[in-house]
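Notes for the one structure printed next.
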There are 2 protein chains.
Amino acid sequence: MFKVNKLTDYATVVMVDLVSADLARPSQKIANNTGIPYPTVNKLMKDLLHAGLVRSHRGINGGYSLASPANKITIADIIQAVEGPIALTSCVNNSLDKCTYEDFCAVQGRWNRVNKAVVTALKKVTVADMT
Amino acid sequence: MFKVNKLTDYATVVMVDLVSADLARPSQKIANNTGIPYPTVNKLMKDLLHAGLVRSHRGINGGYSLASPANKITIADIIQAVEGPIALTSCVNNSLDKCTYEDFCAVQGRWNRVNKAVVTALKKVTVADMT
DNA sequence: CCTAAATAGTACCAATTCAGTACAGTATTA
DNA sequence: TAATACTGTACTGAATTGGTACTATTTAGG
Ligand code: FES
Ligand code: FES
């Protein structure tokens with residue numbers, strides 16, 4: 001199947017939940033709101049944080065909040081945060097791994113076009129659109 | 001990672017190879033042309049055949065050929081042939097499985113928009129474009 | 001009619017990836 | 001200083017994927 005990770009799906013749910021957060025919202029509360037298990041939320045937040053999509057605040061009254069306005073955060077951002085660079089195949093420029101057939105392959109480089117088209121599509125939908 | 005199966009990648013290579021085939025081209029020859037192992041090509045062809053993307057001809061002088069002009073077959077077609085319906089999440093309409101959180105989920109149905117955008121993007125690139 | 005070429009269907013296995021969990025550590029506030 | 005909540009890392013069982021094997025069926029040609 002051609003699909004995103006379940007975790008990416010959850011991540012969008014989390015992001016949408018954070019839209020309604022004025023102050024920092026702790027993982028525990030996000031878990032309650034969304035029905036996603038607490039440990040899973042916890043894991044997700046780390047990825048979202050590293051990608052700069054949310055801000056964190058430790059200690060009592062700590063928690064997470066969106067790092068940018070909801071209409072500036074795209075689905076592409078979330079996918080990249082959770083799954084790494086978007087590379088439909090290993091032949092694509094920014095892929096982490098390398099294609100074994102690259103040397104004698106007939107479609108060399110052509111996937112870049114496809115990849116770009118998909119990324120563009122994913123950049124057009126924002127967290128605000130998902131609310 | 002957000003990516004298509006390796007087999008889908010191979011499938012495009014196979015399809016591109018078939019563009020230059022006037023008569024039916026056997027799996028074995030496709031394997032030689034592309035460098036993809038024969039058994040793998042064999043498996044692929046079954047999927048492509050079931051999806052109606054290629055025609056087959058058995059017996060001596062048999063083989064495969066494209067079922068439509070190269071500029072009418074899209075990347076979306078190939079992905080669907082190899083991986084089944086394109087459903088970025090299980091919350092998407094035409095998905096085969098069902099989302100566990102559906103009942104109380106805040107982004108219910110919103111993924112349909114994303115899915116549609118991606119499919120549209122994938123339909124814009126054809127086999128001819130990959131040649 | 002027989003044989004070789006080639007597809008068609010099914011089932012299997014090893015390796016990877018994924019989803020979910022656990023736990024010890026650190027920062028912050030009251 | 002105690003309670004809260006994030007941070008980092010690492011582990012596991014389950015699912016998926018990539019690749020292979022084998023048998024059956026169809027077709028062309030001698
Ligand atoms: S299959 Fe990777 S370069 Fe062509
Ligand atoms: S996560 Fe599937 S319906 Fe929302």
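A, B, ... follow the sequence lines: proteins, then strands. Residue 1 opens every chain.
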Outer limits of DNA chain C sitting under 4.0 Å from a non-hydrogen atom of chain B, read 5' to 3', are C:dA4 to C:dC18
Heavy atoms only, 4.0 Å cut-off, all strands: where does B:Asn42 land among base, sugar-phosphate and nothing?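 Counting heavy atoms under 4.0 Å across all strands, no contact is made by B:Asn42.
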Quick check: on DNA chain C, is the nucleotide nearest B:Gly63 upstream (toward 5') of the one nearest A:Glu83, or the reverse? Name the residue that is more 5'.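 Residue closer to the 5' terminus by nearest nucleotide: B:Gly63.
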What closest approach, in Å, do A:Ala51 and A:Ala81 show between heavy atoms, and which atom pair accounts for it? CB-CB, 3.4 Å
Under the rule for side chain to side chain donor-acceptor pair (under 3.5 Å), what residues qualify as partners of A:Asn71, not counting sequence neighbours? none
By a strict heavy-atom criterion of less than 4.0 Å, which residues belonging to residues 23-31 of chain B are in contact with DNA chain D?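 Contacting residues: none.
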Starting at CG of B:Leu7 and ending at C1' of D:dT20, how long is that distance when rounded to a whole Å? 12 Å
If the condition is side-chain contact (heavy atoms from CB on, under 4.5 Å), which residues does [X] pass it with, not counting sequence neighbours?
X        : value
B:Ala121 : A:Ala117, A:Ala121
B:Asn42  : B:Ser27, B:Tyr38, B:Lys46
A:Ser65  : A:Arg55
A:Lys6   : A:Tyr10, B:Thr100

Residue pairs involving residues 74-88 of chain A (criterion side chain to side chain donor-acceptor pair (under 3.5 Å); sequence neighbours excluded):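 As it turns out, the side chain to side chain donor-acceptor pair (under 3.5 Å) pairs with a partner in residues 74-88 of chain A, which skip direct neighbours, are A:Thr8-A:Glu83, A:Thr74-A:Asp77.
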What distance separates B:Tyr64 OH from B:Ile30 CD1, expressed to the nearest 0.5 Å?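 Interatomic distance, B:Tyr64 OH to B:Ile30 CD1, rounded to 0.5 Å: 8.0 Å.
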Give the residues of residues 44-61 of chain B touching DNA chain C, defined as any heavy atom closer than 4.0 Å, sorted by residue number.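 Contacting residues: B:Lys46, B:Leu49, B:His50, B:Ser56, B:His57, B:Arg58, B:Gly59, B:Ile60.
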Just to be sure I understand the geometry, which residues of residues 14-22 of chain A put a non-hydrogen atom under 4.0 Å away from DNA chain C?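 Going residue by residue through residues 14-22 of chain A, none turns out to have a heavy atom under 4.0 Å of DNA chain C.
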Donor-acceptor check, side chain of [X] to backbone of [Y], threshold 3.5 angstrom: yes or no?
X        : Y        : value
B:Thr40  : B:Ile36  : no
B:Asn112 : B:Gly109 : yes
A:Arg110 : A:Gln108 : yes
A:Asn115 : A:Leu88  : yes

For residues 14-43 of chain A, pull every pair meeting salt bridge (Lys or Arg N to Asp or Glu O under 4.0 Å), keeping only residues two or more places apart or in separate chains. A:Asp17-A:Arg25
OP1 or OP2 of D:dG19 versus the side-chain N and O atoms of B:Tyr10: is any pair under 4.0 Å?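 Yes, such a contact exists.
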Does some side-chain heavy atom of B:Leu66 sit less than 4.5 Å from a side-chain heavy atom of B:Ile73?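 They are in contact (side-chain heavy atoms under 4.5 Å apart), so the answer is yes.
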Kindly indicate whether the side chain of A:Val127, heavy atoms from C-beta on, has any atom under 4.5 Å from the side chain of A:Thr12. no
Is there any protein nitrogen or oxygen under 3.5 Å from a nitrogen or oxygen in nucleotides 12-16 of chain D, and what are the pairs?
none

